[in-house]
Q: 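The structure follows.
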Amino acid sequence: MADEQNSRRAAVVPATGEEQERRAEQHSKEAEKAKNVGPLQTDKGNTTIAETVVQKIAGIATREVPGVYAMGSAGRRAFSSLTERIPGSQTNVSGGVSVEKGERQAAIDLTIVVEHDASIVEISQMIRKNVIASVEDATGLEVIEVNINVTDVHLPEDDQEKDDSNHLDLQ
């Protein structure tokens, strides 16, 4: 019974300055460890993700948005259309996407062409929402910004001109 009373008194007695320092130091170490550990950096090991992975995810997410006609600059689109004609070649989904990536964050720049009747403001908002959700869900990286550069508007006449030139080539 005496031991029980002593243990109760010990629990009530305030910690000494030295004990308080040790507890504060331990708490600080635990907080620092928790701060350094993220979805990609764990106490069991680290995961690194290449920029090309983030580029592809962002490119796919951008193309999913209605009103996006194409991605990339005119030169990039021309090169892609040539390479797509080669049998067995793959579509380059990362064209028009530039990524700056750190250990925990990424910034994404997109170059797009929009459909003629689409609202650039609405498309931009949908792209940002879709790209951020896709990249953060797939990679665990925090997307700090998505910059969108609209370089052209696709007009229906552009398709008709292309069809007319193909028709002339076949004759």
Side-chain angles (χ1 to χ4, degrees), residues 27-163 165-166 169:
H27 186 268
S28 174
K29 285 180 183 177
E30 289 173 4
E32 184 66 28
K33 185 178 178 184
K35 184 176 139 184
N36 289 337
V37 176
L40 299 175
Q41 296 80 28
T42 68
D43 56 352
K44 304 285 185 195
N46 296 328
T47 302
T48 56
I49 297 172
E51 284 185 4
T52 55
V53 173
V54 178
Q55 284 178 314
K56 286 183 178 184
I57 294 167
I60 292 167
T62 301
R63 284 175 172 79
E64 291 174 347
V65 174
V68 174
Y69 177 75
M71 293 187 65
S73 64
R76 177 75 196 154
R77 291 191 317 271
F79 180 74
S80 291
S81 70
L82 287 175
T83 57
E84 287 174 2
R85 293 179 184 189
I86 299 170
S89 68
Q90 295 178 346
T91 302
N92 183 1
V93 295
S94 61
V97 183
S98 174
V99 173
E100 290 182 38
K101 186 191 75 62
E103 286 184 21
R104 295 188 185 112
Q105 297 177 325
I108 301 169
D109 295 330
L110 304 168
T111 303
I112 65 169
V113 176
V114 297
E115 294 286 350
H116 79 285
D117 59 349
S119 166
I120 294 173
V121 173
E122 288 178 16
I123 290 172
S124 297
Q125 290 171 347
M126 289 189 298
I127 288 172
R128 281 190 185 91
K129 183 178 178 182
N130 203 35
V131 167
I132 290 169
S134 296
V135 171
E136 287 183 349
D137 288 348
T139 67
L141 294 169
E142 175 190 8
V143 178
I144 54 173
E145 67 181 7
V146 176
N147 299 311
I148 301 169
N149 181 20
V150 180
T151 59
D152 201 359
V153 175
H154 177 260
L155 302 171
E157 300 87 56
D158 296 341
D159 289 335
Q160 290 174 348
E161 289 174 13
K162 187 187 267 187
D163 289 342
S165 67
N166 286 342
D169 291 342

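From a predicted model like this one, the values you see are computed outputs, not experimental measurements.
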Q: Could you list all the side-chain hydrogen bond (donor to acceptor under 3.5 Å, both in side chains) pairs where at least one residue sits in residues 128-146, not counting sequence neighbours?
A: Glu64-Asn130, Gln105-Glu142, Glu145-Asn147

Q: Sequence neighbours excluded, which residues qualify as side-chain contact (heavy atoms from CB on, under 4.5 Å) partners of Ser98?
A: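 Partners of Ser98 by the side-chain contact (heavy atoms from CB on, under 4.5 Å) criterion, ordered by chain and then number, come out as Asp109.
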
Q: Would Ile60 and Thr62 count as a side-chain contact (heavy atoms from CB on, under 4.5 Å) here? Give the steps.
A: CA-CA 5 Å; Ile60 292 167; Thr62 301; over 6 Å; no

Q: Taking all heavy atoms of Ala138 and all of Ile57, pick out the closest pair and write down the distance.
A: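 Scanning both residues completely, I find the closest heavy atoms to be CB-CD1, 3.7 Å.
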
Q: With sequence neighbours excluded, what pairs up with Ala118 under the side-chain contact (heavy atoms from CB on, under 4.5 Å) test?
A: Glu115, Ile123

Q: Is any side-chain heavy atom of Val143 closer than 4.5 Å to a side-chain heavy atom of Ile108?
A: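 In short, these two side chains touch, coming nearer than 4.5 Å.
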
Q: If you look only at pairs with a residue in residues 45-54, which of them pass as a side-chain hydrogen bond (donor to acceptor under 3.5 Å, both in side chains), with sequence neighbours excluded?
A: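 side-chain hydrogen bond (donor to acceptor under 3.5 Å, both in side chains) check on residues 45-54 returns no pairs.
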
Q: Hey, are the side chains of Val54 and Leu141 touching, using non-hydrogen atoms and a 4.5 Å cut-off?
A: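 Yes, their side chains come closer than 4.5 Å.
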
Q: Any chance you could lay out the side-chain contact (heavy atoms from CB on, under 4.5 Å) test for Ile112 and Ile127, step after step, and finish with the verdict?
A: CA-CA 10 Å; Ile112 65 169; Ile127 288 172; 3.7 Å; yes

Q: Without swapping roles, check the side chain of Lys101 against the backbone of Ala107 for a donor-acceptor pair under 3.5 Å.
A: no

Q: Sequence neighbours left out, what passes side-chain contact (heavy atoms from CB on, under 4.5 Å) with Val153? Give chain and number order.
A: Val114, His116, Leu155

Q: When you compare the side chain of Arg104 with that of Leu40, does any pair of heavy atoms fall below 4.5 Å?
A: no

Q: Between the side chain of Gln55 and the main-chain N/O of Gly95, is any donor-acceptor distance below 3.5 Å?
A: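 No; zero donor-acceptor contacts below 3.5 Å.
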
